[in-house]
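Working notes for the structure below.
Since the model is a prediction, treat every value here as computed from it, not as a measurement.
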Amino acid sequence: MTDDHRAGGGRPLPIALLIPGQGAQHPRMAASLYGTVETFTRTMDEAFALMGPRGPHVRGQWLAERPSPEFDDVTVAQPLLYAVGYALGRTLVDRCGSPDALLGHSAGEMVAGALAGVFDFADGMRLMMERLPALAATEPGGMLAVAASVRDVEPLLGDDVHLAAVNAPRQLLLAAAEEPLLRAMSRLKDSGVTVRRVPARQAFHSPLVAAASAEAGDRWTGVELRPPAVRLYSAYDAAPLTAERACDPSFWIGQPARTVHFARALDRLLDDGDHLLVETGPGQSLTMLARRHPRVAAGRSQVIGMSPDRRLGDDAERDAVRSAAEQVLTRR
């Protein structure tokens, strides 16, 4: 029996939302919900208004069947991921009630912060938009998805190649400027390691974006930060956020340059209790990672995606949202 079938019935499970970040974007992600699902549509319209003069351009990139290469740049991808992740989360909350826990990956942690009430959605969008110019101006580079352990890649790591994320014991992200990234990719392929480029044009979660992240730090002055209203697990700390940590602006300011420890954060979440994990974002990158977790493989925790694993058409997107909401309601 698949995870999706097990999640349709049985014992009640607390609900935890998994929210993806940079690299999960794809053309027209969740666009079929726009104009057909009220909460989603209202939230996306608010998001584009909050983007200011950039809003119409980002909206056009989102709705295009074949967006420009700029779609994967931080200036388009990150505000869209923040908007779509939050809109999907709000859609599920409106239909099914508040989740019991939240865990975001990369930019998804900003979505989790907004859903948990640490800051307002509008403040989060403003802060994200204000940091984009500095991040976009960093040295061109990117990230690699690597099917290897941290020990396997240690010979590559140093001043120019950085460990960006540990998503599973043998699922990593590396970040670097363009030339070191290409050299690392070549060495990995020569060693027989499976590796691919991630849709990102900046070296996120590495020191290459540290100065740009800090540059936008003063924008957090005056933003009201509150303790999470929902248990919020940080993929940077691999632990639940305390009220003090959540209300510390420096925690949020430094995120683009810090390593993501999603694997350890998911371990901690499931060590604290079995959950029904619902990925509320485009694709099923976190769903696939979670399905390999021992507690999920054993049927103790379950996982479902709120979007198809790839672009399958409008009906598939709407069916995925409907199915996810129905499965969550059966677990209440």
(message) Counting neighbours of CD on Glu38 that are heavy atoms of other residues, nucleotides or ligands and sit closer than 6.0 Å, is the number greater than 12?
(response) no
(request) Considering only Ile, Leu, Val, Met, Phe, Trp and Tyr, and joining two whenever side-chain heavy atoms are under 4.5 Å apart, list the other residues clustered with Val153. (result) Leu144, Val146, Val150, Leu156, Leu157, Val161, Leu163, Val166, Leu172, Leu174, Leu181, Met185, Leu188, Val193, Val195
(message) So, using side-chain hydrogen bond (donor to acceptor under 3.5 Å, both in side chains) as the criterion, who are the partners of Asp319 when residues are at least two apart?
(response) Arg322
(request) Name all residues meeting the side-chain hydrogen bond (donor to acceptor under 3.5 Å, both in side chains) criterion together with Arg197; count only those two or more places apart in sequence or in a different chain, and write none if there are none. (result) Glu178
(message) Just to verify, what does Asp159 make a side-chain hydrogen bond (donor to acceptor under 3.5 Å, both in side chains) with, not counting sequence neighbours?
(response) none
(message) For Asp237, run the side-chain hydrogen bond (donor to acceptor under 3.5 Å, both in side chains) check against Arg258, His261, Arg268 and tell me which one passes.
(response) Arg258
(request) Using a strict 4.0 Å threshold on nitrogen-to-oxygen distance, state whether Asp45 and Arg59 make a salt bridge. (result) no
(message) Tell me whether Asp267 is salt-bridged to Arg264, with the criterion being a basic N under 4.0 Å from an acidic carboxylate O.
(response) no
(message) Applying side-chain hydrogen bond (donor to acceptor under 3.5 Å, both in side chains), can you list everything that pairs with Gln171, at least two apart in sequence or on another chain?
(response) none
Show the atom names and distances, to 0.1 Å, of all donor-acceptor pairs under 3.5 Å that link a side chain in residues 124-132 to residues at least two apart or in another chain.
| unit_1 | atom_1 | unit_2 | atom_2 | d |
| --- | --- | --- | --- | --- |
| Arg126 | NH1 | Glu130 | OE1 | 3.4 |
| Arg131 | NH2 | Gln78 | OE1 | 3.2 |

(message) Same cluster or not: Met288 versus Leu81, using hydrophobic residues (I, L, V, M, F, W, Y) connected whenever any side-chain heavy atoms lie under 4.5 Å apart?
(response) no
(message) Out of the candidates Leu17, Leu269, Ile304, Thr287, only one should pair with Leu277 under the side chain to side chain contact (heavy atoms under 4.5 Å, CB included) rule; please name it.
(response) Leu269
(message) Less than 3.5 Å apart, any donor N or O on the side chain of Asp73 or Gln202 sitting next to an acceptor on the other?
(response) yes
